[in-house]
*Asks:* 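Could you have a look at this structure, given as structure tokens, before my questions?
The basis for the numbers below is simple: all heavy atoms, side chains too, and nothing from hydrogens, waters or symmetry mates. Letters go in sequence order (proteins before strands), and every chain restarts at 1.
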Amino acid sequence: MLEKLIQSRLQSRVREILPEANLATVLVRPCPDLKFGDYQSNALMAIAKERKQNPRKLAEEVVAGLDVSEWCEPVEIAGPGFLNFRAKTEAVTEVLKSASRGDHLFFERTKAPRNIIVDFSSPNVAKPMHVGHIRSTILGDALVRSLRLLGHHVVTDNHIGDWGTQFGKLLIGWKQDLNRTNLEQNPLAEMGRLYKQVNARFEADDGIKTLARQELVNLQQGDPENLKIWREMIDLSLQEFGKVYSRLAIQFDHVLGESFYNSQLKGVAKNLLDLGLAQESEGATVVFFEKSTGWSDPAIILKSDGGANYTTTDLATLEYRLKTWQPAEIVYVTDARQQLHFQQLFHIFRRWHPVAEVSLSHVWFGMILGPDGTPFKTRTGENIELNALLDEAEERALATVTEKNPDLPEKERLEIARVVGIAAVKYSDLLPNRQSDYRFDWDKMLALTGNTAVYLLYAYTRIRSVARKAAEAGAGASVEALQLTLPSELALAKHLLRFGLSIEAMAAEYRPNYLCNYLFELAGLFSQFYENCPVLKAEGSDRSSRLVLCELTGRVLKKGLEILGIETTERM
RNA sequence: GCGUCGAUAGCUCAAUUGGAUAGAGUAUCUGACUUCGGAUCAGAAUGUUGCAGGUUCAAGUCCUGCUCGACGCACCA
């Protein structure tokens, strides 16, 4: 938190000397290596370069009139013009005290809240959620949590796949071969079976093709029976999705699927045609792109059979969201393969609504690979269902808890296993840079050591254990007693001050791995502190002071994990 | 063919406006008061950041070319 105060004063000082300088570049950040100090600014080197000045000299001039002595030791100029700031222990102590009094938790809400729509998860009706939905769902939810914590107004909208050609096949299967008993027991499995069964006959049998097309057309034209079946498929699917979301503690403000926009699709297409953005080509309605884009193939707005496809739906969706929520930004969380689609979608949208100021972000992520480095599937090549995957995570976690802590009652072990299992899945998804593919590895994600959810949760339970024992002994944290003397106390305290930066970094770039790594470092620093500084065995003000550090670390760990969508447990 | 993304320690991965000696974990080796929860901590060792050039005070990061890989490119979403 000190970095903001230092930064603001540094900016004022730079403005005094160079009124035209772009202050947005004058940033204060944590030092990469603590031996340089706690915070640094590299901005002066860039500014000097622009003006062809001597960077070192500029730095000296800036520092000469810069007073940050309330928070820092004298500012050092290093190398070609780095400014290094070392926080005064008293200043760090004061921030911790104010946190302990409940004034803040080392982060600040934004002064410029924005309306942001986040579009994520988006499963398809009549198909179980599977591995392919993990990242969008978990990543999207974590991003939403970080934005909301910083004070932005977020609208979440689950744009489910509830319309499209697959319903022709599903309707045939439903009418010819539906097993009601199976449907009641496991609706998605039954619908999946129906789809596969019809699909298998599809290629070889022209009669089925014609029938599927007919059922689809009937549905589109509002045939009552088909509509009724379709609605039932959606209802059942949503119930099943809800079970998974409930396990993952994920909620949506709105579930407006593709079908919600049906009535607008023709209008969108006509509008694009009228504006000259779209044209007829080979029987379809398409948008061609300028040469400069490098896209030689057009985007299809209406297929030659008159049906719309997803570019059209997405355009209608965009327009609806703008009108309904007036967002400053819309964020789409999908896999990397849809990059071209979103680039083209945004491009068309800009031409269609040139004055719209909304910013459009495609937050994309890589694939989940199996142990062999190919896309993660079952042995028979099927998608792994999310529910089954979560079951296995909990089972594996239960085995570990039982091994480590056999005396806990079964009910408690089950609850711990639930928290730990879900945490492991989420954390292993959020830890890698979202843009890279990652390898799904049970042993690694549930490992007791290393950068895992288990390690973080363990650190948390140790803190809670100390708190319980302190309470039994009648000892308590005392803000007044807080004193940072030993190196590991100071190191832990200074790291607490960086919590806000890590949340902001995560929210700014939609990268939860920044926060994951922050929390891992925090847990490590806590372990070092815990190793070096007795808490319960200490006495008097030492004990009260260290209990403050424990308590604040616990609160930050819990809040940080909460941003990642991860629950904590008191024992494990 | 065009395009997007990637290639970093044995392995899995980080690296926040271009910043300081490229970091963690894991595996390997060694050690820690008879453990405030040892599911812990400390230490050792590990690199031509795919290759070749360029830009500059400074390049894993930016530019050019090349190699390898993943993914995407007219009627699925």
Side-chain angles (χ1 to χ4, degrees), chain A residues 24-27 29-33 35-36 40 42-43 45-46 48-49 54-56 78-82 84 122 124 161 163-166 258 281-286 293-305 307 309-311 313-314 334-341 343 364 366-367 369 373 375 400-401 403-405 431-433 435-439 441 444 447-452 454-455 457-459 461-466 469-470 473 501-502 504-506 508-509 511 513-514 516-517 520-521 524 527-528 530-538 543 546 571-572:
Chain A
T25 66
V26 180
L27 299 176
R29 320 215 133 189
C31 282
D33 191 327
K35 77 179 175 221
F36 299 127
Q40 67 174 24
N42 311 326
M45 291 181 283
K49 181 169 193 166
N54 180 326
R56 182 97 200 177
F82 295 96
N84 287 330
S122 312
N124 291 317
W163 198 251
T165 49
Q166 73 271 28
E258 294 166 356
S281 171
E282 297 177 27
T285 304
V286 307
T293 62
W295 303 322
S296 52
D297 289 334
I300 309 273
I301 299 298
L302 295 178
K303 298 180 285 183
S304 46
D305 68 2
N309 72 0
Y310 77 147
T311 300
T313 311
D314 282 351
T334 85
D335 68 85
R337 289 174 301 186
Q338 297 197 42
Q339 282 178 93
L340 182 61
H341 165 67
Q343 283 174 18
W364 56 268
M367 278 186 294
L369 307 175
T400 306
V401 177
E403 182 200 325
K404 290 283 177 184
N405 251 328
L431 177 63
N433 181 329
Q435 292 181 327
S436 43
D437 295 345
Y438 79 90
R439 231 170 252 252
D441 183 337
K444 207 178 140 191
L448 306 176
T449 59
N451 193 350
T452 64
V454 181
Y455 177 84
L457 291 171
Y458 179 68
T461 58
R462 288 170 103 190
I463 292 171
R464 299 305 301 154
S465 172
V466 169
K469 289 196 173 145
L501 277 175
S502 70
E504 286 163 19
M506 166 177 170
E509 292 186 38
R511 293 185 191 278
N513 56 314
Y514 293 147
C516 293
N517 284 314
F520 177 62
E521 281 167 33
S527 293
Q528 288 166 39
Y530 191 77
E531 202 77 18
N532 294 319
C533 309
V535 179
L536 295 173
K537 285 180 182 170
R543 182 169 64 181
R546 287 173 187 164
R571 292 185 178 78
M572 64 189 280

*Asks:* Quick check: does any side chain N or O of D437(A) sit under 3.5 Å from a backbone N or O of M367(A), one acting as donor and the other as acceptor?
*Replies:*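 Yes.
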*Asks:* Checking all strands, does R511(A) fall into the base, sugar-phosphate, or nothing category for heavy-atom contacts under 4.0 angstrom?
*Replies:*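 Here R511(A) touches no strand at all.
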*Asks:* Between U21(B) and K35(A), counting only base atoms on the nucleotide and side-chain atoms on the residue, is there a donor-acceptor pair under 3.5 Å?
*Replies:*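 Side chain to base: pair found, below 3.5 Å.
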*Asks:* Where the side chain of S281(A) is defined as all heavy atoms beyond and including C-beta, which of A42(B), A74(B), A20(B) is the nearest nucleotide?
*Replies:*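 My answer, after comparing the listed nucleotides, is A74(B).
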*Asks:* For this output row, return yes or no: ring centroids of F82(A) and F36(A) closer than 6.0 angstrom.
*Replies:*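 No.
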*Asks:* Measure from CZ on R29(A) to P on G19(B) and round the result to the nearest Å.
*Replies:*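 For the pair R29(A) CZ and G19(B) P, the rounded distance is 9 Å.
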*Asks:* Does E531(A) get its side chain close enough to the base of A42(B), under 3.5 Å, for a donor-acceptor pair?
*Replies:*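 Counting by modelled atom types and ignoring angles, no donor-acceptor contact under 3.5 Å is found here.
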*Asks:* Between A39(B) and Y458(A), counting only base atoms on the nucleotide and side-chain atoms on the residue, is there a donor-acceptor pair under 3.5 Å?
*Replies:*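 Such a pair does not exist between side chain and base.
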*Asks:* Whenever both distances are under 3.5 Å in a Watson-Crick or G-U wobble pair, mark it; put RNA chain B into dot-bracket that way, with [ ] for crossing pairs and | when the partner is on another strand.
*Replies:* (((((((..((((.....[...)))).(((((.......))))).....(((((..]....))))))))))))....
*Asks:* Which part of the nucleic acid, if any, lies within reach of E504(A) when heavy atoms closer than 4.0 Å are counted: base, sugar-phosphate only, or nothing?
*Replies:*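 Touches nothing.
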*Asks:* Any N or O donor-acceptor pair linking the side chain of N532(A) to the base of A42(B) at under 3.5 Å?
*Replies:*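 Flag unset: no donor-acceptor pair detected.
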*Asks:* Could you tell me whether A78(A) contacts a base, only the sugar-phosphate backbone, or nothing, with contacts defined as non-hydrogen atoms closer than 4.0 Å?
*Replies:*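 Counting heavy atoms under 4.0 Å across all strands, the contact made by A78(A) includes a base.
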*Asks:* May I ask you to verify whether the side chain of T313(A) and the base of A77(B) hold a donor-acceptor pair under 3.5 Å?
*Replies:*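 Looking at the base of A77(B), it does not pair with any donor or acceptor on the side chain of T313(A) (distance under 3.5 Å).
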*Asks:* Look at the side chain of N405(A) and the backbone N and O of M572(A), then say whether any donor-acceptor pair between them is shorter than 3.5 Å.
*Replies:*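 Looks like yes, one N/O pair under 3.5 Å.
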*Asks:* Would you call R337(A) and D335(A) a salt bridge, taking side-chain N to carboxylate O under 4.0 Å as the test?
*Replies:*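 Counted as a salt bridge, because a side-chain N and a carboxylate O are separated by less than 4.0 Å.
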